[in-house]
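Worksheet for the structure shown next.
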Protein chains: 2
Amino acid sequence: MKSLIPNEAIRRILFSKLSEQVPNFDFAAVQLSAQLLMSSQQTIHLFENHFAQWGLSQGRFAILMLLYNLPENDWTPVKLAEATCVTKATVTGLVNNLSRDGYITRQQHPDDGRKISLRLSESGEQFVQGMIPQHFEQISQIYSNLDGQQIKQICDALTLLQQVIIPGAEKETKQYIE
Amino acid sequence: MKSLIPNEAIRRILFSKLSEQVPNFDFAAVQLSAQLLMSSQQTIHLFENHFAQWGLSQGRFAILMLLYNLPENDWTPVKLAEATCVTKATVTGLVNNLSRDGYITRQQHPDDGRKISLRLSESGEQFVQGMIPQHFEQISQIYSNLDGQQIKQICDALTLLQQVIIPGAEKETKQYIE
DNA sequence: TGAAAATAGTAAGGCGGCTAACTATAATTG
DNA sequence: CAATTATAGTTAGCCGCCTTACTATTTTCA
């Protein structure tokens, strides 16, 4: 699997070289960082593979879910960008591909000439309807080896992590909406 | 921050719609998946921002570290691809940019006409030398609010996660080397 | 009401992943 | 030794993310 982090053997040599060279080399912190990054990539990778079963990505899936389950919401690219926390340029790209694949349609908004109304097409609707049960069944399977106590253990650790890590991500320069 | 996962409010509505529609909707699993994904993205995001201070990415940093700390290794694109767990095409891209930026040089390998020897340039060496102390100082700072017990708690949770999630990522089709 | 400002959407171009297909060189083997 | 096969590296092209810059429309407000 992709990781960008050297394997155990190389890492060991690397760290020993670094510890001679960097004053107060914080072995635990570096090791934890490597573990965190690998674990994060692994998680994302798992879901990427999962969605790839249907030719989807996280972003494509998110858009389809919103259009399918909240159709009364009169979705536009900007609304989708807000709801999924990506830039509107990213939504343009996702919508381009979803529309090329015949899953969604763009229509002029009746009230506002700047807006575009996004809707699931007939085949898009059928597609989502078909994948939803499989998707949620599989998601449920992922954790079938964990008991409630273990799930809580993971949730607690994530919460702890979040509290520590958020301060580090203070200055946000990206063009997210809202 | 980017997430591709709807915010709390939208998620709540979404889940309630889904639970009416999907038999045995596993609320806990879906919620945990969302939390895992968000946490993973946040972690990766933190390190991306961190490396961006020096115009680096995880991949660029990994390559620079290997060339700098293990120069006796006679690095080639394939070796870097193995060591960093990405495809050789990805290494070509990273090497292109690092070399464009003047940090590394490509040289014909003396023994094997197919190979390319990669080395840090003078300025690359200076650059790495300058960033290393800052980098490791900041990495150490990230966890300064955690005590040993909390670090252990996170490590244990990551290990647990890994055990659960690895089975899901069985079939790997990508062109990784080795 | 007419000019300025805000908003919606897209396009162009960059980065970092990927695959597939290609060239060149080396190694193997019949 | 010649032919096949394996290896090293690059290229081309796709996806999803980003920023910047643009057009078109709407809203605001002097």
Side-chain angles (χ1 to χ4, degrees), chain A residues 1-5 37 41 44-45 47-49 51-52 55-63 74-82 84-101 106-118 172-178, chain B residues 1-5 37 41 44-45 47-49 51-52 55-63 74-82 84-101 106-118 172-178:
Chain A
M1 203 207 81
K2 165 191 133 181
S3 79
L4 293 169
I5 295 183
L37 273 172
Q41 277 154 1
I44 288 172
H45 187 64
F47 285 94
E48 277 175 357
N49 275 358
F51 287 126
L56 296 181
S57 62
Q58 264 195 77
R60 284 163 69 93
F61 175 74
I63 288 178
D74 195 14
W75 291 102
T76 65
V78 164
K79 278 192 181 181
L80 285 179
E82 286 171 20
T84 58
C85 303
V86 291
T87 62
K88 51 189 188 164
T90 296
V91 170
T92 295
L94 292 169
V95 165
N96 279 345
N97 290 349
L98 285 169
S99 127
R100 172 204 62 195
D101 297 344
R106 281 183 168 104
Q107 276 157 25
Q108 276 298 335
H109 196 281
D111 308 342
D112 187 333
R114 295 167 300 180
K115 293 183 181 172
I116 296 281
S117 279
L118 300 169
E172 184 68 74
T173 61
K174 299 191 180 166
Q175 294 179 340
Y176 303 119
I177 295 168
E178 255 174 338
Chain B
M1 204 206 80
K2 166 191 131 181
S3 78
L4 292 168
I5 296 182
L37 274 172
Q41 277 153 359
I44 288 171
H45 187 64
F47 286 94
E48 277 175 357
N49 275 358
F51 287 125
L56 297 181
S57 62
Q58 264 195 80
R60 284 163 69 92
F61 175 75
I63 289 178
D74 195 14
W75 290 103
T76 65
V78 163
K79 278 193 181 180
L80 285 179
E82 286 171 21
T84 58
C85 302
V86 291
T87 62
K88 49 187 187 164
T90 296
V91 170
T92 295
L94 291 170
V95 166
N96 279 345
N97 289 350
L98 285 169
S99 125
R100 173 204 61 195
D101 296 345
R106 281 182 168 106
Q107 276 157 26
Q108 275 299 334
H109 195 282
D111 308 345
D112 188 331
R114 295 168 299 180
K115 293 185 182 172
I116 296 281
S117 280
L118 300 169
E172 183 70 72
T173 61
K174 299 192 180 165
Q175 297 178 338
Y176 302 120
I177 295 169
E178 256 174 338

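All figures in this text were calculated on a predicted structure; none of them were measured in a lab.
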Does [X] have a side-chain nitrogen or oxygen under 4.0 Å from the phosphate oxygens OP1 or OP2 of [N]?
X	N	value
A:R100	D:dC15	yes
A:T76	C:dG9	yes
B:T92	D:dG9	no

Report which part of the nucleic acid [X] touches: base, sugar-phosphate, or nothing (heavy-atom distance under 4.0 Å, all strands).
X	result
A:S57	sugar-phosphate
B:L4	sugar-phosphate
B:G113	sugar-phosphate
A:V86	sugar-phosphate
B:I44	nothing

Protein-nucleotide distance ([X], atom [atom1]; [N], atom [atom2]), rounded to Å:
X	N	atom1	atom2	value
A:L94	C:dT10	CG	C1'	14 Å
A:H109	C:dT10	NE2	C1'	18 Å
B:Q41	D:dG16	CD	P	14 Å
B:Q175	D:dT10	CD	P	15 Å
B:L80	D:dG9	CG	P	9 Å
B:K115	C:dA27	NZ	C1'	12 Å
A:D101	D:dC15	CG	C1'	12 Å
B:K79	D:dA8	NZ	P	10 Å

message: Distance criterion of 3.5 Å, no angle test: do you see the side chain of B:K88 paired donor-to-acceptor with the base of D:dG9?
response: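 Yes, a donor-acceptor pair under 3.5 Å.
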
message: Are B:I116 and B:H109 packed together at the side-chain level, in the sense that at least one heavy-atom pair is separated by less than 4.5 angstrom?
response: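 They are not in side-chain contact.
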
- prompt: Any side-chain heavy atom of A:K79 within less than 4.5 Å of one from A:V91?
  reply: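 Result no, sub-4.5 Å side-chain heavy-atom pair not found.
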
Expected output: side-chain B:R60 to main-chain B:F51 donor-acceptor under 3.5 Å: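 Judged by distance alone, no pair lies under 3.5 Å.
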
Between [options], which one does the side chain of [X] approach most closely?
X	options	answer
B:P77	C:dG9, D:dG9, D:dC17	D:dG9
A:R106	C:dT10, C:dA6, C:dT25	C:dT10
A:N97	D:dT19, C:dT19, D:dC15	D:dC15
A:R114	C:dC18, D:dA24, C:dG9	D:dA24

A:D74/A:K115 ion pair, N-O < 4.0 Å: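 No, A:D74 and A:K115 are not salt-bridged.
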
message: Please find the pair of heavy atoms, one from B:L4 and one from A:A62, that lie closest to each other, and give the distance.
response: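 Heavy atoms of B:L4 and A:A62 come nearest at O-CB, 3.4 Å.
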
field: Heavy-atom closest contact (B:T92 atom, B:R106 atom, distance)
entry: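 Nearest pair, atom of B:T92 first, then B:R106: O-NH2, 3.7 Å.
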
- prompt: B:D111 or A:A89: which one's nearest nucleotide on DNA chain C is closer to the 5' end?
  reply: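 On the 5' side of the pair lies A:A89.
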
- prompt: Mapping A:T90 and A:D112 onto DNA chain D by nearest heavy atom, which one lands closer to the 5' end?
  reply: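 Result of the comparison: A:T90.
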
